[in-house]
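Just so it is clear, the model here is predicted, and its values are computed rather than measured. Indexing begins at 1, ligand by ligand and atom by atom, following the structure's order.
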Amino acid sequence: MPCNFSYSHYEKILKDAKRLGYRIVTCGDFAKKQPKPPYIVLRHDIEFYPDRAAELAKIERRLGVKSTYFVRLHANEYNPFGYKTYDALKIIASCGHEIGLHEESTDFSRIFREDLAGVLRRDKAVLELLLGKKVRGFSSHRDFTGYDNLALWRKNNPKKYGFEYHAYEDRFFKGATYVSDSLVSWKSYENGRLTHRKDCLCKYVAERKPRIYALVHPRGWHQHSYHTR
Ligand SMILES: [Zn+2]
Ligand SMILES: [Zn+2]
């Protein structure tokens with residue numbers, strides 16, 4: 001099967017990983033206890049398309065795989081309390097996946113000149129109210145604001161804000177192969193260092209890399225792939 005961004009290829013990647021004995025875990029479960037290799041920590045940042053995230057969630061559910069979906073609360077493109085997005089989040093949760101916060105508290109607090117800690121605490125509380133459960137972790141969103149949401153977390157502990165972890169902590173990257181499809185183009189990091197490889201996630205699985213941290217953005221994936229990179 002050629003590499004592309006179709007749901008069927010996504011399914012094949014996970015099936016191959018399972019066949020090769022990979023444990024596939026959520027960010028929250030990894031943060032609590034690192035599994036024995038080979039493992040894949042499977043993460044999704046929901047940037048613009050909660051409906052596509054729900055499609056990935058259903059594929060994973062069929063294969064008995066759990067992953068983490070980080071959702072934004074301040075996107076102009078969707079409203080977590082809107083009917084379609086609320087439905088998508090319910091589907092993701094009902095498939096047994098973890099839902100975390102895709103935080104943008106530095107952007108939001110600087111733009112509106114509001115207290116950053118207050119913004120973050122409010123976002124966490126709102127998402128917990130929406131989901132009816134505790135939000136354990138977050139990943140930082142990157143936008144075109146000129147601010148860096150991640151900068152805060154280079155010197156601050158997420159526990160200070162009531163979170164168990166954040167998705168850019170060193171422990172996720174140490175000794176691991178980080179594979180991401182941002183902007184519908186694959187890239188990878190080995191032990192935190194960018195490589196020149198542009199290979200699809202399936203190649204790293206086929207090579208049996210022992211520790212994989214995969215970030216799969218729902219935005220690029222479709223029933224029929226439009227992208228071949
Ligand atoms: Zn592939
Ligand atoms: Zn993002």
Is the shortest side-chain N to carboxylate O distance from Glu47 to Arg219 below 4.0 Å? no

Take the angle between the ring planes of His102 and His141 and call it parallel below 30°, perpendicular above 60°, tilted in between. perpendicular

For Phe138 and Trp153, take the angle between the two ring planes, folded into 0 to 90°, and tell me which bin it lands in: parallel under 30, tilted 30 to 60, perpendicular over 60. tilted

Could you tell me which non-hydrogen atom of Pro37 sits nearest to which non-hydrogen atom of Arg211, and how far apart they are? CG-NH2, 3.6 Å

Smallest separation among heavy atoms of Cys27 and Glu98, with atom names: N-OE1, 3.7 Å

Polar protein atoms near the Zn ion (ligand 1) [N, O or S; cut-off under 2.8 Å]: Cys3 SG, His9 NE2, Cys200 SG, Cys202 SG

Side chain Asn191, main chain Gly175, donor-acceptor under 3.5 Å: yes

Centroid separation Phe172 to Tyr168 less than 6.0 Å: no

Heteroatom count (protein N, O or S) under 2.8 Å of the Zn ion (ligand 2): 4

Evaluate the criterion ring pair (Phe, Tyr, Trp, His ring centres under 6.0 Å) for residue pair Trp186 and Tyr204; output intermediate values, then yes/no. CA-CA 11 Å; Trp186 291 105; Tyr204 301 91; 8.1 Å; no

State, with a plain yes or no, whether a side-chain heavy atom of Arg171 is found less than 4.5 Å away from one of Tyr165. yes

